[in-house]
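Reviewing the structure listed below.
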Amino acid sequence: MPEVPSTNTISLVLTTFADEASAAKVVRQLVEERLAACGTILPKSRSIYRWKEQIEDAQETVVLFKTTSNMSTELQTRLLSLHPYETPEILMWEPSGTSSAYAAWVMESVTHQHPCGSSPPEG
(Lines give C-alpha, C1' and ligand atoms only; values in the text may rest on other atoms or scores of the structure.)
Protein backbone atom coordinates (compact mmCIF):
# COMPACT_ATOMS: atom_id res chain seq x y z
CA MET A 1 0.00 0.00 0.00
CA PRO A 2 1.20 3.54 -0.65
CA GLU A 3 2.16 5.82 2.18
CA VAL A 4 -0.56 8.18 3.34
CA PRO A 5 0.34 11.78 2.46
CA SER A 6 0.43 14.02 5.52
CA THR A 7 -1.85 16.55 3.78
CA ASN A 8 -4.73 14.07 3.65
CA THR A 9 -5.85 12.45 6.87
CA ILE A 10 -8.74 10.16 7.71
CA SER A 11 -12.11 11.69 8.53
CA LEU A 12 -15.07 10.14 10.29
CA VAL A 13 -18.58 11.25 9.39
CA LEU A 14 -21.50 10.26 11.62
CA THR A 15 -25.17 10.41 10.69
CA THR A 16 -28.45 8.74 11.67
CA PHE A 17 -31.34 7.25 9.69
CA ALA A 18 -34.83 6.17 10.65
CA ASP A 19 -34.16 2.54 9.70
CA GLU A 20 -31.46 0.13 8.62
CA ALA A 21 -32.75 -0.27 5.05
CA SER A 22 -32.54 3.45 4.22
CA ALA A 23 -29.12 3.63 5.87
CA ALA A 24 -27.82 0.70 3.82
CA LYS A 25 -29.10 2.22 0.58
CA VAL A 26 -27.25 5.50 1.18
CA VAL A 27 -24.09 3.79 2.47
CA ARG A 28 -23.93 1.58 -0.61
CA GLN A 29 -24.38 4.61 -2.89
CA LEU A 30 -21.61 6.63 -1.21
CA VAL A 31 -19.19 3.68 -1.20
CA GLU A 32 -19.95 2.98 -4.87
CA GLU A 33 -19.29 6.65 -5.65
CA ARG A 34 -15.95 6.37 -3.79
CA LEU A 35 -16.83 9.17 -1.39
CA ALA A 36 -16.42 6.77 1.53
CA ALA A 37 -14.25 3.71 1.96
CA CYS A 38 -16.70 2.20 4.41
CA GLY A 39 -19.94 2.92 6.19
CA THR A 40 -20.50 1.02 9.42
CA ILE A 41 -24.21 0.60 10.16
CA LEU A 42 -25.20 0.44 13.83
CA PRO A 43 -28.92 -0.34 14.04
CA LYS A 44 -31.29 0.06 16.96
CA SER A 45 -29.88 3.11 18.66
CA ARG A 46 -32.24 5.32 20.62
CA SER A 47 -32.32 9.09 20.26
CA ILE A 48 -34.17 11.50 22.50
CA TYR A 49 -34.22 15.02 21.14
CA ARG A 50 -36.24 18.19 20.72
CA TRP A 51 -37.77 18.66 17.27
CA LYS A 52 -40.20 21.47 16.46
CA GLU A 53 -40.86 22.09 20.17
CA GLN A 54 -41.71 18.44 20.88
CA ILE A 55 -39.57 15.92 22.71
CA GLU A 56 -39.05 12.93 20.43
CA ASP A 57 -37.96 9.45 21.49
CA ALA A 58 -37.09 7.42 18.42
CA GLN A 59 -35.24 4.31 17.36
CA GLU A 60 -32.61 5.19 14.75
CA THR A 61 -29.74 3.62 12.87
CA VAL A 62 -26.32 5.23 13.29
CA VAL A 63 -23.87 5.23 10.38
CA LEU A 64 -20.17 5.95 10.75
CA PHE A 65 -18.46 6.69 7.43
CA LYS A 66 -14.70 6.47 6.98
CA THR A 67 -13.27 8.76 4.30
CA THR A 68 -10.38 11.14 3.77
CA SER A 69 -10.25 14.75 4.89
CA ASN A 70 -10.00 15.77 1.22
CA MET A 71 -13.31 14.00 0.47
CA SER A 72 -15.23 14.83 3.66
CA THR A 73 -16.88 18.01 2.33
CA GLU A 74 -17.91 16.28 -0.90
CA LEU A 75 -19.23 13.34 1.14
CA GLN A 76 -21.25 15.73 3.32
CA THR A 77 -22.73 17.49 0.28
CA ARG A 78 -23.74 14.21 -1.35
CA LEU A 79 -25.06 12.82 1.94
CA LEU A 80 -27.28 15.89 2.32
CA SER A 81 -28.69 15.31 -1.18
CA LEU A 82 -29.47 11.63 -0.48
CA HIS A 83 -30.60 11.84 3.16
CA PRO A 84 -34.34 11.48 3.83
CA TYR A 85 -34.33 13.70 6.95
CA GLU A 86 -35.27 17.37 6.73
CA THR A 87 -32.31 18.27 8.96
CA PRO A 88 -29.93 15.30 9.12
CA GLU A 89 -27.37 14.95 11.86
CA ILE A 90 -23.96 15.09 10.19
CA LEU A 91 -20.91 15.27 12.43
CA MET A 92 -17.37 15.20 11.06
CA TRP A 93 -14.04 14.85 12.82
CA GLU A 94 -10.51 13.65 12.28
CA PRO A 95 -9.23 11.05 14.73
CA SER A 96 -5.93 11.81 16.43
CA GLY A 97 -4.56 8.40 15.54
CA THR A 98 -5.18 5.88 12.76
CA SER A 99 -3.18 2.78 11.88
CA SER A 100 -1.12 3.45 8.79
CA ALA A 101 -2.37 0.32 6.99
CA TYR A 102 -6.02 1.23 7.58
CA ALA A 103 -5.43 4.87 6.56
CA ALA A 104 -3.75 3.70 3.35
CA TRP A 105 -6.72 1.42 2.58
CA VAL A 106 -9.17 4.30 3.12
CA MET A 107 -7.11 6.57 0.86
CA GLU A 108 -6.93 3.92 -1.86
CA SER A 109 -10.64 3.09 -1.55
CA VAL A 110 -11.80 6.62 -2.21
CA THR A 111 -9.30 7.35 -4.98
CA HIS A 112 -8.54 4.18 -6.98
CA GLN A 113 -10.32 1.30 -8.67
CA HIS A 114 -9.83 -2.07 -6.95
CA PRO A 115 -9.45 -5.35 -8.76
CA CYS A 116 -12.39 -7.70 -8.23
CA GLY A 117 -12.00 -9.89 -5.20
CA SER A 118 -9.85 -7.54 -3.12
CA SER A 119 -10.99 -7.44 0.46
CA PRO A 120 -10.76 -4.51 2.86
CA PRO A 121 -9.57 -4.72 6.42
CA GLU A 122 -12.32 -5.03 9.01
CA GLY A 123 -13.72 -1.87 10.56
Side-chain angles (χ1 to χ4, degrees):
M1 294 255 172
E3 285 190 33
V4 179
S6 60
T7 58
N8 193 11
T9 58
I10 301 305
S11 290
L12 301 173
V13 179
L14 181 139
T15 192
T16 54
F17 290 87
D19 58 73
E20 193 172 352
S22 60
K25 181 179 177 182
V26 172
V27 169
R28 181 170 296 279
Q29 183 71 36
L30 294 175
V31 170
E32 285 177 357
E33 292 177 12
R34 295 191 171 277
L35 296 174
C38 175
T40 301
I41 300 170
L42 306 166
K44 299 184 180 176
S45 64
R46 183 176 175 190
S47 295
I48 300 171
Y49 55 94
R50 181 178 306 278
W51 180 249
K52 298 186 178 180
E53 296 308 314
Q54 298 290 324
I55 301 298
E56 302 289 334
D57 189 334
Q59 185 171 332
E60 291 187 296
T61 296
V62 174
V63 174
L64 183 59
F65 289 101
K66 279 72 81 172
T67 190
T68 62
S69 58
N70 289 348
M71 295 301 287
S72 61
T73 300
E74 191 173 341
L75 174 78
Q76 178 182 1
T77 300
R78 185 68 172 126
L79 180 56
L80 283 167
S81 75
L82 296 171
H83 208 291
Y85 285 3
E86 180 181 338
T87 306
E89 169 186 20
I90 299 176
L91 306 173
M92 296 189 298
W93 69 96
E94 293 179 0
S96 60
T98 304
S99 75
S100 59
Y102 189 80
W105 172 76
V106 170
M107 289 270 308
E108 186 176 330
S109 295
V110 298
T111 59
H112 297 98
Q113 293 291 345
H114 287 285
C116 289
S118 64
S119 59
E122 292 183 23

Give the minimum heavy-atom separation between [X] and [Y], together with the two atoms involved.
| X | Y | value |
| --- | --- | --- |
| Ser72 | Met92 | O-SD, 3.6 Å |
| Val110 | Ala37 | CG1-N, 3.6 Å |
| Ile90 | Gln76 | CG2-CG, 4.0 Å |

_Under the rule for ring pair (Phe, Tyr, Trp, His ring centres under 6.0 Å), what residues qualify as partners of Phe17, not counting sequence neighbours?_
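Ring pair (Phe, Tyr, Trp, His ring centres under 6.0 Å) list for Phe17, sorted by chain: His83.
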
_Is there a continuous path of hydrophobic side-chain contacts, each under 4.5 Å between heavy atoms, that joins Val62 to Trp93?_
yes

*Using the rule that two of Ile, Leu, Val, Met, Phe, Trp, Tyr join whenever any of their side-chain heavy atoms come within less than 4.5 Å, decide whether Val63 and Leu91 are in one cluster.*
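Result: no, two separate clusters.
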
If you round to the nearest 0.5 Å, how far is [atom2] of [Y] from [atom1] of [X]?
| X | Y | atom1 | atom2 | result |
| --- | --- | --- | --- | --- |
| Leu80 | Thr87 | CG | OG1 | 9.5 Å |
| Ile10 | Thr68 | CD1 | OG1 | 6.5 Å |
| Leu42 | Leu14 | CG | CG | 8.5 Å |
| Leu64 | Ile41 | CG | CD1 | 11.0 Å |
| Leu82 | Ser22 | CG | OG | 11.5 Å |

Cut-off 3.5 Å, no hydrogens considered: what does the side-chain donor-acceptor table look like for residues 23-32, sequence neighbours left out?
| residue | atom | partner | partner atom | Å |
| --- | --- | --- | --- | --- |
| Gln29 | NE2 | Glu33 | OE2 | 2.4 |

*Would you say Phe65 and Leu79 make side-chain contact, with heavy atoms under 4.5 Å?*
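Yes - at least one pair of side-chain heavy atoms lies under 4.5 Å apart.
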
*Any side-chain heavy-atom pair from Lys66 and Cys38 closer than 4.5 angstrom?*
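Yes - at least one pair of side-chain heavy atoms lies under 4.5 Å apart.
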
_With sequence neighbours excluded, residues passing salt bridge (charged side-chain N to carboxylate O under 4.0 Å, His left out) with Lys44_ =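 With neighbours one apart ignored, the set is empty.
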
*Partners meeting salt bridge (charged side-chain N to carboxylate O under 4.0 Å, His left out) with Glu56 (sequence neighbours left out)*: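 Glu56 satisfies salt bridge (charged side-chain N to carboxylate O under 4.0 Å, His left out) with no other residue.
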
*Is there a donor-acceptor contact under 3.5 Å from the side chain of Ser69 to the main chain of Thr9?*
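Yes; judged by distance alone, with no hydrogens or angles, the pair exists.
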
_Checking the side chain of Thr67 only, and the main-chain atoms of Leu35 only, is there a donor and an acceptor separated by less than 3.5 Å?_
yes

*ILVMFWY clustering at 4.5 Å (side-chain atoms), partners of Ile55*: Ile48

*Members besides Tyr49 in its Ile/Leu/Val/Met/Phe/Trp/Tyr cluster (side-chain heavy atoms under 4.5 Å)*: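 Hydrophobic cluster check, Tyr49: joined to Trp51.
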
